[in-house]
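Here's the structure we're looking at; comments come further down.
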2 protein chains.
Amino acid sequence: MNVRNLSERQKAILDFFGDFLDEHGYPPTVRDIQHGCDISSTSVVSYNIEALKKEGLIRKDDGISRGLGLVNRRTPRREPDTVAVPLVGSIAAGEPFPLPNDEPWSGVAGIDTVDLPQSVIPSGEGVYALKVKGESMIDALIADGDLVIMQQTDSVHNGQTAAVRILPDEETTLKKFYAEGAMVRLQPENSQMDPIRLPAHNVKVLSRVVAVWRLRV
Amino acid sequence: MNVRNLSERQKAILDFFGDFLDEHGYPPTVRDIQHGCDISSTSVVSYNIEALKKEGLIRKDDGISRGLGLVNRRTPRREPDTVAVPLVGSIAAGEPFPLPNDEPWSGVAGIDTVDLPQSVIPSGEGVYALKVKGESMIDALIADGDLVIMQQTDSVHNGQTAAVRILPDEETTLKKFYAEGAMVRLQPENSQMDPIRLPAHNVKVLSRVVAVWRLRV
DNA sequence: TAAGTTCCCGAACATTAGTGCTGACAAGCG
DNA sequence: CGCTTGTCAGCACTAATGTTCGGGAACTTA
């Protein structure tokens with residue numbers, strides 16, 4: 001697997017292989033490589049292909065034409081490694097904020113999206129972003145302009161910050177969630193504001209905060 | 001170019017083509033398509049390939065084996081849409097932290113990396129991440145465990161948070177930067193700590209904070 | 001009905017392209 | 001010097017693979 005072990009000819013073959021693949025969209029034949037690398041015999045190419053295969057640098061399907069492949073090359077249609085998360089709106093202190101409906105987002109025009117690495121958004125399903133307005137969440141170390149990334153869920157643990165819908169008046173808000181017996185305490189992220197206590201059946205958990213993203217600090 | 005014009009067989013061929021390409025890394029032969037799509041003759045495949053070629057959906061190099069290609073498929077070697085940023089270490093209050101050397105990172109084993117969407121890291125060059133330990137940056141709304149994303153630079157504006165090297169003792173630290181004439185004031189992000197004033201020529205700006213990333217809030 | 005079009009089938013044909021064999025040359029080694 | 005190993009050349013063989021051709025079924029149109 002050490003590149004230094006390769007002969008000049010083998011390096012040339014690897015280079016040519018990559019270029020050929022980019023240019024044509026399919027792998028070269030033994031004879032393509034032969035002419036591309038100024039080799040006088042197909043057997044020489046065959047010999048060096050075998051060596052590269054042993055090094056683990058080339059994959060080969062015996063017997064089928066152009067059955068070669070570079071092992072380090074990415075799959076053409078690999079999964080995107082970033083997820084476009086809809087930026088559904090902004091949230092200010094206590095104010096209700098728009099919620100995504102149940103339709104798939106599918107890049108609908110008119111909706112901003114935020115690219116997030118897939119590694120932090122396991123499924124990508126039910127994830128959306130909100131932009132924070134003002135100092136309403138200052139106690140959670142969330143500043144004006146930050147993006148909070150929300151994951152839809154039915155339940156959260158005590159102390160987690162969640163978007164909840166308060167049923168009587170259908171208000172939606174972002175608060176710290178504490179279950180206290182049959183009651184629920186909703187703690188604002190700003191000490192200037194008082195907590196709210198409600199019967200548990202009047203509070204519906206919609207989503208929880210999974211990440212905060214701040215740019216241009 | 002209208003997909004609705006395609007026969008069921010032609011759609012099947014396109015689907016199979018894409019799957020085959022993903023699986024093998026090279027295009028299918030006429031006979032691969034024949035068996036993959038339950039077609040009884042190679043000539044039928046040839047016929048439909050010709051039709052798809054006229055529709056502009058398939059590219060074909062006559063006479064060479066597996067000389068087919070999907071025209072809408074991205075180039076195999078496209079740019080990744082996420083950037084792997086090295087996580088070079090952690091930063092605590094006032095303590096020096098390790099700095100990346102000048103070598104390219106190139107996925108060296110033993111160094112953690114963080115995937116960031118390329119849209120927020122324009123170049124990807126000179127970007128690295130630090131993990132915050134403790135409450136040392138609490139006043140900047142940066143909590144324990146947060147990742148701060150740094151961009152290497154020579155100069156910053158007043159008020160920006162920057163990594164600076166203090167020359168006399170080669171200490172490296174993260175502070176808010178204020179130029180005040182020939183002097184520089186370095187303001188800790190924790191009000192428990194006092195600002196430092198130094199001659200400008202003793203302070204070397206290394207990088208500035210461009211983003212903060214908090215997970216599992 | 002007859003002609004034209006589209007699509008399909010089976011088979012034969014021709015080229016492309018992988019593989020194996022023999023031999024050659026140079027370098028290292030006991 | 002003889003032996004082995006690694007690398008290269010030339011050539012032939014054969015499997016893999018693209019192409020073509022005659023024909024037929026279903027459908028449309030004059």
Side-chain angles (χ1 to χ4, degrees), chain A residues 1-21 23-71, chain B residues 1-21 23-71:
Chain A
M1 198 68 95
N2 198 330
V3 181
R4 276 160 286 269
N5 289 346
L6 301 181
S7 68
E8 285 306 312
R9 200 154 252 183
Q10 285 159 10
K11 289 183 202 166
I13 288 178
L14 279 183
D15 281 349
F16 175 78
F17 199 122
D19 292 345
F20 191 98
L21 210 48
E23 185 176 353
H24 295 89
Y26 43 80
T29 68
V30 170
R31 285 170 179 80
D32 288 332
I33 298 174
Q34 178 192 356
H35 298 132
C37 298
D38 272 325
I39 301 175
S40 61
S41 172
T42 58
S43 65
V44 179
V45 180
S46 206
Y47 170 82
N48 286 288
I49 292 284
E50 196 59 28
L52 289 169
K53 186 176 155 193
K54 281 208 181 84
E55 290 288 328
L57 296 170
I58 272 190
R59 171 185 48 72
K60 177 159 156 53
D61 289 1
D62 291 318
I64 72 184
S65 74
R66 299 180 193 274
L68 299 169
L70 294 175
V71 297
Chain B
M1 196 71 92
N2 196 331
V3 181
R4 272 161 289 269
N5 289 345
L6 300 182
S7 69
E8 285 306 312
R9 198 154 255 185
Q10 285 160 9
K11 289 184 205 165
I13 289 177
L14 280 183
D15 281 349
F16 176 78
F17 198 122
D19 293 344
F20 191 98
L21 210 48
E23 185 174 356
H24 295 89
Y26 43 79
T29 67
V30 170
R31 284 169 180 81
D32 288 333
I33 298 174
Q34 177 193 356
H35 298 132
C37 299
D38 271 325
I39 300 175
S40 60
S41 172
T42 60
S43 63
V44 178
V45 179
S46 208
Y47 171 82
N48 285 288
I49 292 284
E50 194 60 28
L52 289 168
K53 186 178 156 194
K54 282 207 180 82
E55 290 288 327
L57 296 171
I58 272 189
R59 172 185 47 71
K60 177 162 155 51
D61 289 2
D62 292 316
I64 72 184
S65 73
R66 300 180 193 273
L68 299 169
L70 294 175
V71 297

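Chain letters run A, B, ... following the sequence lines, proteins first and then strands; every chain starts at 1. Quick caveat: nothing in here was measured; it's all calculated off a predicted structure.
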In terms of relative ring orientation, are B:F20 and B:H24 parallel, tilted or perpendicular, with 30° and 60° separating the classes?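 Judged by the thresholds at 30° and 60°, the geometry between B:F20 and B:H24 is parallel.
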Test side chain to side chain contact (heavy atoms under 4.5 Å, CB included) applied to B:I58 and B:V71, step by step: CA-CA 5 Å; B:I58 272 189; B:V71 297; 5.7 Å; no
Quick one: on DNA chain C, does B:I64 or B:T42 contact a more 5' nucleotide (nearest heavy atom)?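 Nearer the 5' end of the strand: B:T42.
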NA contact type, A:D32, heavy-atom cut-off 4.0 Å: base, sugar-phosphate, or nothing?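 A:D32: no heavy atom of the nucleic acid under 4.0 Å.
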Base, sugar-phosphate, or nothing: which does B:S43 touch, judged by heavy atoms less than 4.0 Å apart?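 Counting heavy atoms under 4.0 Å across all strands, the contact made by B:S43 includes a base.
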Please check if the side chain of B:D32 supplies one atom and the backbone of B:T29 the other of a donor-acceptor pair under 3.5 Å.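 Yes; judged by distance alone, with no hydrogens or angles, the pair exists.
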Any non-hydrogen side-chain atom of [X] less than 4.5 Å from a side-chain atom of [Y]?
{"X": "B:V30", "Y": "B:I49", "answer": "no"}
{"X": "A:Y26", "Y": "B:I64", "answer": "yes"}
{"X": "B:Q10", "Y": "B:L57", "answer": "no"}
{"X": "A:I33", "Y": "A:N48", "answer": "no"}
{"X": "A:S65", "Y": "A:P27", "answer": "no"}

Under a criterion of less than 4.0 angstrom to any heavy atom of chain B, what are the 5'-terminal and 3'-terminal contacting nucleotides of DNA chain C?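 Extent of the interface on DNA chain C: C:dT6 to C:dA17.
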Could you tell me the boundaries of the chain A footprint on DNA chain D, defined by atoms under 4.0 Å from its heavy atoms?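 Contact boundaries, 5' end first: D:dG6 to D:dT17.
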